[in-house]
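Keep in mind it's a predicted model, so treat the numbers as computed, not measured.
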Amino acid sequence: MKKSIQDINQKIKKGEATILTAEEVTRLVMDGEEPTVEDIDVVTTGTCGIMSGTAAIFHLPVAEPGSFKKAGNITLNGVPGFPGPCPNEWLGSVDLMVYGTSHSITDPQYGGGFLFKDLLQGEEIEIIVEDIDGNLIRSSASLDEFGTAQMIGTRFAFKNYTAFINPTPESVSSIFNAVDMDGPFKGISFSGCGELNPLQNDPQLNSIRKGTRLLINNSEGLFIGTGTRSSPEKPNMMITADMKDMDPHYLGGFRTGAGPEVYNSVATAIPILDEEILQKTFIKNEDIKLPIADIRGRHSVLSQTTYEVWRNVDERPTYEQELCQKCGTCLVEERCPTRAFQKHELNTVRCFGCGMCAYSCPFGTFQMKRGHVTIDWKGQGKELEVSCRQSDIKRARELARELKNRIEKGEFLLNP
């Protein structure tokens with residue numbers, strides 16, 4: 001049986017379409033069922049994790065027209081931006097680009113990802129412009145005062161990632177772990193949402209094409225092509241959306257051993273037009289390979305596991321407050337990538353589910369099943385506990401369900 005996009009859209013408009021998340025489809029298959037093209041019309045996918053290729057294009061007011069000719073440098077809450085290309089000569093406003101991975105010049109623990117979240121939460125930010133004559137202009141603004149706020153993802157949602165371990169006794173600083181990674185073999189850090197991930201369910205980009213609508217941080221956006229460093233074996237997505245429509249719950253800053261990074265959430269809808277498309281959505285975590293590399297370089301692949309690391313784990317930690325020793329220097333507060341643990345309180349909204357708290361606290365104050373991996377190391381099996389998850393399965397599931405709900409309500413149609 002074959003269906004068309006038009007057929008599915010008609011069913012969506014009538015409220016008759018059957019929409020499942022990718023995980024729901026996989027559960028059916030694992031339970032021994034054999035869904036057909038007649039049974040399912042749309043499968044929604046989702047992912048959330050560090051996405052370094054994040055940039056924002058802003059146009060914002062700075063001062064009264066005529067007060068300065070052109071911006072030479074600019075910072076937003078200390079995070080450097082890149083003025084231009086439009087000079088906006090004598091207009092008192094600035095066009096600029098800000099990278100999600102940029103680090104504040106005043107606070108090494110603050111960066112573009114944290115700035116974007118603050119903007120989406122409605123906070124007023126500090127703007128400092130140095131014009132081409134060396135004069136400083138100070139002002140402040142909130143996102144609703146920006147003329148333009150457009151996110152560009154140059155490489156989002158890789159189909160497959162690499163996990164990392166440190167086989168050496170020296171700690172190693174890297175963006176691939178929340179703190180300097182201890183060794184030897186003190187844990188494993190990984191990214192990717194496995195069977196829920198968009199490109200695991202559409203690896204040849206048969207459904208995700210230029211102009212395909214999707215959700216970025218809950219804002220309706222577009223797939224504009226494959227991203228930088230994309231390849232047929234390891235594709236990724238270049239996408240864009242209006243930041244003013246984004247939900248701050250789905251993006252933010254994430255501190256790593258090499259400074260602050262940025263995380264985002266993406267959801268896509270796969271129209272089930274034929275059996276081949278449907279079969280791709282049957283993929284299971286246990287079938288998806290996850291290479292394990294030396295933290296000192298992705299080129300140095302040492303072993304391999306699968307995304308079974310997502311099976312039977314906790315989405316979030318539990319905080320056993322009575323076990324807290326109120327240490328003078330709290331390792332968890334010091335290390336928490338999203339600053340979710342402050343002053344002996346866990347902010348479950350800010351929490352990313354990375355597991356760094358449970359890994360770091362020596363008193364068992366934080367309990368969390370993070371998963372284990374057994375690797376072959378020089379002919380012997382070595383079991384490692386996951387020390388850091390740089391993807392958030394909870395937010396990925398939430399956004400996949402949000403897209404499913406929008407389609408069920410007829411609020412999101414598929415591209416013809």
Side-chain angles (χ1 to χ4, degrees), residues 2-28 35 37-49 51 120 149-153 156-157 193 195-203 205-227 236-251 263-274 277-278 280-281 392-416:
K2 273 185 171 287
K3 291 183 288 192
S4 68
I5 298 290
Q6 290 79 6
D7 294 334
I8 295 175
N9 278 338
Q10 283 301 314
K11 293 180 74 173
I12 292 172
K13 291 175 183 178
K14 293 177 181 178
E16 298 173 352
T18 301
I19 299 96
L20 298 178
T21 70
E23 284 188 319
E24 289 171 337
V25 174
T26 300
R27 293 296 82 70
L28 289 176
V37 179
E38 292 181 345
D39 301 323
I40 304 172
D41 296 300
V42 181
V43 173
T44 63
T45 70
T47 189
C48 173
M51 300 185 189
L120 293 185
Q150 188 77 16
M151 180 176 285
I152 301 289
F156 273 21
C193 289
E195 63 195 27
L196 188 58
N197 200 63
L199 294 182
Q200 290 292 353
N201 289 273
D202 185 16
L205 296 170
N206 292 321
S207 300
I208 304 171
R209 303 175 180 178
K210 285 186 180 181
T212 293
R213 298 161 66 206
L214 38 72
L215 295 184
I216 314 171
N217 304 322
N218 214 23
S219 173
E220 191 172 309
L222 295 173
F223 174 71
I224 55 179
T226 53
N236 67 73
M237 306 162 70
M238 186 176 290
I239 56 184
T240 186
D242 190 337
M243 292 182 68
K244 292 188 177 185
D245 295 330
M246 291 183 181
D247 183 339
H249 173 65
Y250 289 106
L251 85 166
Y263 70 85
N264 296 280
S265 307
V266 179
T268 66
I270 299 176
I272 304 303
L273 305 178
D274 55 42
I277 292 173
L278 178 61
K280 292 287 194 301
T281 68
D392 183 358
I393 198 71
K394 186 175 189 294
R395 281 182 171 87
R397 286 169 174 154
E398 289 171 352
L399 197 59
R401 288 194 294 265
E402 169 63 26
L403 181 53
K404 173 183 174 176
N405 292 338
R406 288 195 192 188
I407 298 171
E408 288 177 334
K409 293 176 182 178
E411 299 171 355
F412 189 102
L413 295 177
L414 309 180
N415 292 68

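- Under a 3.5 Å cut-off, the side chain of N9 and the backbone N or O of L414 do form a donor-acceptor pair.
- Looking at I208 and L199, their side chains come closer than 4.5 Å, going by heavy atoms from C-beta outward.
- A17 approaches D41 most closely through the heavy-atom pair CA-OD2, 3.4 Å.
- Side-chain atoms of N197 and T47 include a donor-acceptor pair closer than 3.5 Å.
- In this structure, T240 OG1 and L214 CG are separated by 10.0 Å, a value rounded to the nearest 0.5 Å.
- Panel note: side chain T44, backbone A400; a donor-acceptor pair is recorded below 3.5 Å.
- In this structure, L20 and L28 have side chains that are in contact, with non-hydrogen atoms separated by less than 4.5 Å.
- Taking CG of D247 as the start and CG of N217 as the end, the distance is 8.5 Å to the nearest 0.5 Å.
- Closest of all the heavy-atom pairs between I40 and P35 is CD1-CB, 3.7 Å.
- Contact of the R213 side chain with the L413 side chain is registered, since non-hydrogen atoms from C-beta on lie closer than 4.5 Å.
- To the nearest 0.5 Å, the span separating CG on L196 from SG on C48 amounts to 11.0 Å.
- Residue K244 qualifies as enclosed at atom NZ: its count of foreign heavy atoms under 6.0 Å is above 12.
- Using a distance-only test at 3.5 Å, with no hydrogens or angles considered, no donor-acceptor pair links the side chain of K3 to the main chain of I8.
- Residues N218 and L399 are in side-chain contact: their nearest non-hydrogen atoms beyond the backbone lie under 4.5 Å apart.
- Here CG of N201 is found 9.5 Å from OG1 of T21. Values are rounded to the nearest 0.5 Å.
- Of all heavy-atom pairs between I19 and E24, the closest is O-OE1, 4.5 Å.
- Here the CG-CD distance, from L403 to E408, works out to 10.0 Å after rounding to the nearest 0.5 Å.
- Of all heavy-atom pairs spanning L222 and G211, the tightest one is CD2-O, 3.5 Å.
- Here the closest heavy-atom approach between residue L273 and residue S4 is recorded as CD2-C, 3.8 Å.
- Here the side chains of K280 and D202 are not in contact, with every heavy-atom distance at 4.5 Å or above.
- Side-chain atoms of D39 and T18, non-hydrogen and from C-beta on, never get closer than 4.5 Å to each other.
- Contact check for D245 versus E220: no side-chain heavy atoms found under the 4.5 Å cut-off.
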**Request:** Evaluate the criterion side-chain hydrogen bond (donor to acceptor under 3.5 Å, both in side chains) for residue pair D242 and S219; output intermediate values, then yes/no.
**Result:** CA-CA 7 Å; D242 190 337; S219 173; over 6 Å; no

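- Salt bridge annotation for E195-R27: present, with a cationic side-chain nitrogen under 4.0 angstrom from a carboxylate oxygen.
- R209 places none of its side-chain heavy atoms less than 4.5 Å from the side chain of N415.
- Counting only distance, with no hydrogens or angles, the side chain of N236 and the backbone of G227 share a donor-acceptor pair below 3.5 Å.
- Here the CE atom belonging to M237 is positioned 8.0 Å from the CD1 atom belonging to I216, to the nearest 0.5 angstrom.
- For E38, the CD atom is loosely surrounded, since the number of other residues' heavy atoms within 6.0 Å does not exceed 12.
- Annotation for V266 and F156: closest pair CG2-CD2, 3.8 Å, computed over non-hydrogen atoms.
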